[in-house]
Number of protein chains: 2
Amino acid sequence: MKSPLEKARKNPESMKARILAVARRLFGEYGFHGTTTRMIAKEVGIDISTLHYHWGDKNDLYEAVVMDVNNDLGRELLKVEKTVHDSSLEERLNVSIDQMMDYLFDHPEISNLVLLRYFSKTRNEVDVDFKVPEFSGDIARAMGLAKDAKNPSPRAMMKVMSIMNGMHSFVSGENFFRPMLNLDRKNYIRAVKETLKFILIPAFVLQEGKTKKGRSSGSASAKN
Amino acid sequence: MKSPLEKARKNPESMKARILAVARRLFGEYGFHGTTTRMIAKEVGIDISTLHYHWGDKNDLYEAVVMDVNNDLGRELLKVEKTVHDSSLEERLNVSIDQMMDYLFDHPEISNLVLLRYFSKTRNEVDVDFKVPEFSGDIARAMGLAKDAKNPSPRAMMKVMSIMNGMHSFVSGENFFRPMLNLDRKNYIRAVKETLKFILIPAFVLQEGKTKKGRSSGSASAKN
DNA sequence: TTTTGACTCCATCATTTGATTGAATACCTA
DNA sequence: TAGGTATTCAATCAAATGATGGAGTCAAAA
């Protein structure tokens, strides 16, 4: 029993998948109200009614986009977690930042959509959520900030959210920041990675053990 | 010779100022396309045509809002800079974070509007900009990251942007994050300040002096 | 008192936008 | 190939939206 979303993913050439892909990009760029169904249809090269035929109304399509992005993000986080599983905390942060940033810069609409969802309201409430709490809990555990991924402390959650926000911000803000810094894309990406490492690593690594017992590889500082 | 914006500020009871205040909040909450002139007029309790009489079309009003927010933010940054002028870097960061966060949490629409401007496009380009480069340059100089506020290095700019983004994110994302963490407002604000200090202070304080030639934590292990 | 100008609203437009209908076309199966 | 199903589009609707013209109100100036 496949969901329509899975079907669409399965065959990226299908009309349904093509619409989803374009919708994902445009919703990310212009937000919910800034994107019209006509914009999407035009970009795909089809009539609006075809769009409605496949995805229902605008809200349904938006929810599908959010779920789609959510799936992708979760899958990637899992991959990163597997990759860095046995390293020291510093190494884990280094590699995670590199890998996540490469991924996000390849799919900037993910960051766009996540941030828009945090920061902006929609007039007609859409009730599909990014699984931020679940994701953040997992990351917190993986970073040694929480023992139980199901019950991370607020402080641990906030540290994780800081990390994710920092990453998303530079991806999503590329159009704004990069011209300002006058960097080409490659150098911008490199600079972002370095900046994130500059900011994040000392916090988690240098304060390790400052509070408690610190396995050099495991539990980071913060008792909270 | 007063600009209409200054006039509006001068007399907060004036219709023009009331419209501006409401527009500021709503544009921050719903973004440009998510806010209709009717929403604004209704909230103020006036007819749409009155709104147009005072502020011209929707774009003009939005530009006025952006400039207004820009002024406020610049003024506050200046105030913070004065306050922390003679302290150590660590103390400067501590106080700046406390003061800026109190200010931003009192005026959350500022963070909303700044972030929306970074991250989201508007269909019809509005061409008023936040003075991010100027502001960031000043902050970079104030933090000892750049000698000349006019010519900060890209890296210094990005560090400053990291700080500002981190601050804005938690203010703007309050509606999303706070219920997730199940904190009341007071405790949320306290937790945000602590988290920001946890993240930011080590980076800038512990690495002070190291930043000149070789960054310490950067690409140590990451060869990209 | 009259006049002037600033302000406000009612009525109304033109366009945009989300959405549907029904006819056509492509595709598939028996 | 006949019959049916899935897909696509042109035409069209109703509501929402940005915007304006003109009449009415009011206070201050002349």
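The model shown is predicted, which means the values in this text are computed figures rather than measured ones. Chain naming here is simple, since letters A, B, ... match the order of the sequence lines and numbering starts at 1 in each.
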Trainee: Examine A:K58 relative to A:F32 and say whether NZ or CZ is less than 6.0 Å from the centre of the six-membered ring and inside a 45° cone about the ring axis.
Mentor: yes
Trainee: Hey, does the side chain of B:H54 come within less than 4.0 Å of C:dA6's phosphate (OP1/OP2), counting only N and O?
Mentor: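 No, no such contact exists.
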Trainee: Within this structure, what is the CD1-to-C1' distance between A:I48 and C:dT16, rounded to whole angstrom?
Mentor: 11 Å
Trainee: For A:S49 and D:dT8, is the shortest distance between a side-chain N/O and OP1 or OP2 below 4.0 Å?
Mentor: no
Trainee: Measuring only between side-chain heavy atoms, which start at C-beta, is B:R141 closer than 4.5 Å to B:K150?
Mentor: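 Counting from C-beta outward, B:R141 and B:K150 never come under 4.5 Å.
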Trainee: Between atom NE2 in A:H52 and atom P in C:dT21, what is the gap in whole Å?
Mentor: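 A:H52 atom NE2 is separated from C:dT21 atom P by 12 Å.
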Trainee: Select base, sugar-phosphate, or nothing to describe what B:I46 touches, counting heavy atoms under 4.0 Å on all strands.
Mentor: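 Sugar-phosphate contact only.
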Trainee: So, the side chain of B:T50 versus the backbone of B:I46: is there a donor-acceptor pair under 3.5 Å, distance only?
Mentor: no
Trainee: Atom CZ of A:R18 and atom P of D:dT7: how far apart are they, to the nearest Å?
Mentor: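 Interatomic distance, CZ of A:R18 to P of D:dT7: 14 Å.
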Trainee: Map B:R123 and B:G45 onto DNA chain C by nearest heavy atom, then report which one ends up closer to the 5' terminus.
Mentor: B:G45
Trainee: Would you please confirm or rule out a distance under 4.0 Å between OP1 or OP2 of C:dT8 and any side-chain N or O of B:Y53?
Mentor: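 So the side chain of B:Y53 is outside the cut-off, no N or O lying under 4.0 Å from OP1 or OP2 of C:dT8.
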Trainee: In whole Å, what is the span from the OH atom of A:Y30 to the C1' atom of C:dT17?
Mentor: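 It is 17 Å, rounded to the nearest whole Å.
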Trainee: Measure from the side-chain N and O atoms of B:Y30 to the backbone N and O of B:R25, and report whether any donor-acceptor pair falls under 3.5 Å.
Mentor: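 Answer holds: no.
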Trainee: Roughly how many Å is it from CG in B:D47 to P in D:dG24, rounded to a whole number?
Mentor: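 Answer to the nearest Å: 16 Å.
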Trainee: Give one of base, sugar-phosphate or nothing for B:T50, where a contact means two heavy atoms less than 4.0 Å apart.
Mentor: base
Trainee: In this structure, how many angstroms lie between the P atom of C:dT25 and the CE atom of A:M15, rounded?
Mentor: 17 Å
Trainee: Could you state the CH2-P distance from B:W55 to D:dG18, rounded to the nearest angstrom?
Mentor: 18 Å
Trainee: Can any side-chain N or O of B:R38 pair as donor or acceptor with the backbone N or O of B:D47 at less than 3.5 Å?
Mentor: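 Here the side-chain-to-backbone pair does not exist.
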Trainee: D:dT17 P sits how many Å from A:H33 NE2, rounded?
Mentor: 9 Å
Trainee: Return the 5'-most residue of the pair B:N59, A:R38 with respect to DNA chain D, ranking by each residue's nearest nucleotide.
Mentor: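 Going by which nucleotide is closer to the 5' end, it is A:R38.
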